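Only one structure is covered here, and it is reproduced in the block below.
When a ligand or atom number is given, it counts from 1 through the structure's own listing order. Computed from a predicted structure; not experimentally measured.
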Amino acid sequence: MEQKKAKLVLEDGTSFDLPIIEGTMGKPAIDISNLSQNGFVTYDPGFMSTASCDSAITYIDGENSTLLYRGYPIEQLAENCDFLDVSYLLLNGELPNQNEKNSYVSEVKKHYLLHDQLNSVFRGFRRDAHPMAVMQAVVASKSAFYFEEMNVYNRNHRKLSANRLIAKVPSIAAWSYLYNLGRPFNYPRSDLGYAANFLNMLFSSPTQPYEINPILVKAFEKILILHADHEQNASTSTVRLVGSSGANPFACVAAGIASLWGPAHGGANEATLKMLQEIKNESRINEYIERAKDKTDSFRLMGFGHRVYRNKDPRAEIMRKTCHEVLSELGLENDSIFKLALKLEKIALEDDYFVEKKLYPNVDFYSGIVMRAMGIPNSMFTAVFALARTAGWIAHWNEMFLGENLKIGRPRQIYQGKRFRNLSQDRNVSKD
Ligand code: CMC
């Protein structure tokens, strides 16, 4: 079949034929990769209309509230799989059969333990350091431990790094928090599932073992699954960009954690809860809604809106349901923050500003409430997001090396600075 083309015609009549690339689903793309050879670059701040790569991992249709991992709807995965099924799927393209699952789980568990010397890395931080700051630095420091097995062009080394990251990030996240509290580090337990192991590390203490509640574990597996990947978001694009230079996977994931921490991205779950705690009372909701609409105020309603979903965020629907299940299991249906959140959601969804701009609650509007009910502190919300997203980051990083078009990421710019200046002339002028 003949390839479709777009024609770019300049005012002076010069024209360029640009190939159109079609994916298996989604919007077609105009391939402008050769445009710079003709003396032009394109301009697209925030990559609003730019596809940066080919990918077969995750598909989002923001208009129709669709999110697929390797073709499977997120709703089906959240209901029927655990997080390690999903991380295997993201990495390998297929869900594991029982034998594959058994060997993947035992491979991940083999790498659960952190090197004992990492204790000193943790102890170098101030006690009150934010867990994300600690987590980012500790993940980056792992590259100092595995330098002999970090050839990014070696498939086996990449697989080993992926397993190591997925295995060790839960301990790194939990220890970042335990250090904060001044509590002893809990070691991972191979007899527990992935989510249960993390919760146990976070909550058990030498004097009081953590009681594992299957409903909370299931809810936490869902949180991890829903956050595992989201195509070319800011942190995943960061991981790809850093990785495009051949940087090691631990450095790439540490960069992803840095990007995720921002309140416009993964930091939104923590920011949402802070906002709800600040609003405190239903009578103040309108004041905050008005602030969110005021262009002279930088305040935004946290947990609302999304770059890609211009309709409901399918993850938010699942999280809302999970929120009800967890609160009912814990007897917290009358929790004041939850009630406040439901009221705020209702008011915002009926407000013209939010309706016209298609601003719906996103996944982070509810995930913070669920985590808080489970006893997870605000400061750990984004760390949990990072723990889940490690699976997506490493899957994208790996995919980058499988493709044919691996190029170092190097955007262009529109220079708006000074033209040529003469230093000696300027110095003379200023002396006068
Ligand atoms: N509250 C008030 N107004 C908003 C909000 C909000 N939460 N989100 C967007 N708008 C307005 C925005 O001011 C703009 O108005 P106008 O067209 O008049 O200038 C319009 O809606 C479009 O917004 P935008 O900033 O151009 O959209 P974006 O795609 O650049 O931003 C966003 C997306 C998620 C950064 C933004 O919606 C936001 O800041 N939301 C709050 C933070 C948040 O909840 N982030 C979590 C995202 S989900 C987790 C993840 O996947 O990372």
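- Taking the six-membered ring wherever Trp is involved, the centroid distance between the rings of F354 and F304 falls below 6.0 Å.
- Within the 4.0 Å cut-off (strictly below), no protein heavy atom is located near atom 26 (O) of ligand 1.
- Against a heavy-atom cut-off of under 4.0 Å, R310 is close to the following atoms of ligand 1: 29 (O).
- The nearest protein atom to atom 11 (C) of ligand 1, hydrogens excluded, is given as Y353 OH, 3.5 Å; this is a heavy-atom distance.
- N64 and D61 share a donor-acceptor pair across their side chains, judged by distance under 3.5 Å alone.
- Interface atoms of ligand 1 facing H265, defined by a heavy-atom separation under 4.0 Å, are 46 (C), 50 (C), 52 (O).
- The only member of I223, V217, L216 that meets side chain to side chain contact (heavy atoms under 4.5 Å, CB included) when paired with F220 is I223.
- From the protein, the heavy atom lying nearest to atom 1 (N) of ligand 1 is L301 N, 3.1 Å.
- With respect to E221 and K218, no salt bridge is recorded, no charged nitrogen being found less than 4.0 Å from a carboxylate O.
- Atoms of ligand 1 found under 4.0 Å from any heavy atom of K357 (numbered from 1 in listed order, with element): 11 (C), 15 (O), 16 (P), 17 (O), 18 (O), 20 (C), 21 (O).
- Under a cutoff of 6.0 Å and an axis angle of 45°, K142 and F145 form a cation-pi pair.
- Between A264 and ligand 1, at least one N/O pair is under 3.5 Å apart.
- In this structure, R389 falls outside the shell of residues with a heavy atom less than 4.0 angstrom from ligand 1.
- Regarding atom 49 (C) of ligand 1, its nearest protein heavy-atom neighbour is D364 OD2, 3.2 Å.
- A donor and an acceptor atom, one from each side chain of E100 and N92, are nowhere located under 3.5 Å apart.
- Remark: minimum distance from atom 47 (C) of ligand 1 to any protein heavy atom is reached at N362 ND2, 3.7 Å.
- Closest protein heavy atom to atom 42 (C) of ligand 1: M302 CE, 3.4 Å.
- Among protein heavy atoms, the minimum distance from atom 51 (O) of ligand 1 is reached at H306 NE2, 3.4 Å.
- Ion pair E79/K222 flagged as a salt bridge, since at least one NZ, NE, NH1 or NH2 atom sits closer than 4.0 Å to an Asp/Glu carboxylate oxygen.
- Near A268, meaning under 4.0 Å from one of its heavy atoms, ligand 1 places the atoms 43 (C), 44 (O), 45 (N), 46 (C).
- Using a cut-off of 4.0 Å between Lys/Arg side-chain N and Asp/Glu carboxylate O, E350 and K346 are scored as salt-bridged.
- For atom 22 (C) of ligand 1, the nearest protein heavy atom lies 4.0 Å or farther away.
- With T272, I60, L359 as candidates, the residue nearest to atom 5 (C) of ligand 1 on a non-hydrogen basis is L359.
- Across the listed options M48, K295, R307, R315, R307 owns the non-hydrogen atom lying nearest to atom 28 (P) of ligand 1.
- Taking the centre of each ring, H306 and Y360 stay at or above the 6.0 Å mark.
- Among all protein heavy atoms, the one lying closest to atom 24 (P) of ligand 1 is R300 NH2, 4.0 Å.
- Interface atoms of ligand 1 facing G303, defined by a heavy-atom separation under 4.0 Å, are 43 (C), 44 (O).
- Of the charged side-chain nitrogens involved, at least one lies within less than 4.0 Å of a carboxylate oxygen, so that R320 and E345 count as a salt-bridged pair.
- For the pair K312 and Y309, the cation does not sit on the ring face, since its NZ or CZ is not both under 6.0 Å from the ring centre and inside 45° of the axis.
- At the shortest separation from atom 41 (C) of ligand 1 among protein heavy atoms lies F304 O, 3.4 Å.
- A salt bridge links R240 with E399; the closest basic N to acidic carboxylate O contact falls under 4.0 Å.
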